[in-house]
Amino acid sequence: MEEGTDEANNTGQQFTLPTPVGAQQRTSPHKDPTRKLPIAHIIALKKFDNGSVEWGTNRMESSLQAMDYDNGSIIVLEAGYYYVYSQVSFVGPSCNNTSEVLESKVLYQQHSSHKVLELMEATQSACEGSNKKRWYQSIRQGGVFQLGKGTSLSLKISPLDRAETEYHKTYFGAFKVQ
């Protein structure tokens, strides 16, 4: 049974909320102040000519707690349900009556497999029509997924030469929700 205080009526009187029949008592991981919940927020720092991105984990704008990072991938250390998200910001020159497809894919690889699979994909068209100005476009995506221990998450960006690699514009991450 949960206990609370009737602060809405300013009485300060203690009351007890009933527990539904058949409900199981759960211990919230948030109540243990020494437990660190798995969190990863990785920021883009630089892109290379070989088509890869340098991701940062050690700056103030990034977070890595109870998860690991290896060569562009977030590594899940504790199985559970995770909210996985990404944002990629793109910029391009003026449009010349051509359309450009922008794409962001969150990839995953389970510890026991060598096969890399798509977890999420977001696409958007830029430059539909004639426009004499530079264009800017951001693609965001997110969802809750059950991930096993050792699962790695990475982000594939296309076209990479249009992606902006500033910490607040291109990033990806995950945090445990259950």
Side-chain angles (χ1 to χ4, degrees), residues 1-5 15-45 47 51-90 101-124 137-158 160 163-178:
M1 297 229 198
E2 290 186 48
E3 292 184 9
T5 305
F15 63 90
T16 302
L17 297 174
T19 302
V21 177
Q24 296 179 8
Q25 292 288 341
R26 288 193 220 175
T27 324
S28 171
H30 305 289
K31 292 187 181 188
D32 179 0
T34 62
R35 185 176 189 286
K36 293 187 177 204
L37 291 176
I39 298 169
H41 181 80
I42 309 301
I43 57 175
L45 297 176
K47 53 190 170 188
S52 65
V53 175
E54 178 184 345
W55 297 98
T57 60
N58 57 358
R59 290 188 39 167
M60 180 183 75
E61 301 87 358
S62 63
S63 301
L64 192 62
Q65 174 179 285
M67 294 182 86
D68 206 354
Y69 173 81
D70 183 37
N71 197 27
S73 295
I74 295 169
I75 312 297
V76 174
L77 299 178
E78 183 179 312
Y81 287 92
Y82 286 79
Y83 181 75
V84 180
Y85 62 91
S86 72
Q87 174 178 298
V88 179
S89 294
F90 294 92
V101 176
L102 311 174
E103 192 173 59
S104 169
K105 294 180 182 181
V106 176
L107 306 174
Y108 76 100
Q109 182 177 9
Q110 294 181 339
H111 178 65
S112 59
S113 172
H114 295 289
K115 191 173 185 179
V116 177
L117 302 168
E118 283 185 29
L119 189 63
M120 295 186 288
E121 178 181 358
T123 58
Q124 199 164 3
Q137 201 73 268
S138 289
I139 297 178
R140 294 174 196 89
Q141 59 186 330
V144 176
F145 302 93
Q146 186 174 10
L147 302 176
K149 181 179 179 178
T151 299
S152 66
L153 301 168
S154 59
L155 188 65
K156 182 179 178 187
I157 301 168
S158 177
L160 184 59
E164 295 188 277
T165 52
E166 296 175 42
Y167 69 90
H168 60 287
K169 293 184 177 181
T170 300
Y171 51 82
F172 77 107
F175 55 89
K176 189 172 184 186
V177 294
Q178 185 178 24

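Partners of S86 by side-chain hydrogen bond (donor to acceptor under 3.5 Å, both in side chains), not counting sequence neighbours, listed by chain and number: Q141. With sequence neighbours excluded, no residue satisfies ring-ring contact (aromatic ring centres under 6.0 Å, His included) with Y81. Residues satisfying the ring-ring contact (aromatic ring centres under 6.0 Å, His included) criterion with Y69, sequence neighbours excluded, are absent altogether. Residues passing the salt bridge (charged side-chain N to carboxylate O under 4.0 Å, His left out) test with E166, sequence neighbours excluded: K169. Applying the ring-ring contact (aromatic ring centres under 6.0 Å, His included) test to F145 and every residue at least two apart in sequence or in another chain returns nothing. For K105, the side-chain hydrogen bond (donor to acceptor under 3.5 Å, both in side chains) criterion is met by E118, not counting sequence neighbours. Qualifying side-chain hydrogen bond (donor to acceptor under 3.5 Å, both in side chains) partners for S138, counting only residues two or more places apart in sequence or in other chains: S89. For S52, the side-chain hydrogen bond (donor to acceptor under 3.5 Å, both in side chains) criterion is met by N50, not counting sequence neighbours. When the side chain to side chain contact (heavy atoms under 4.5 Å, CB included) test is applied to A174, the partners found at least two apart in sequence or on another chain are M67, Y82, V84, L153.
The salt bridge (charged side-chain N to carboxylate O under 4.0 Å, His left out) analysis of residues 55-70, with sequence neighbours excluded, yields the pairs R59-E61. Listed by first and then second residue, the salt bridge (charged side-chain N to carboxylate O under 4.0 Å, His left out) pairs that reach into residues 81-90 come to none, sequence neighbours excluded.
In this structure, H41 and Y85 have parallel ring planes: the angle between them is below the 30° cut-off, well short of the 60° mark.
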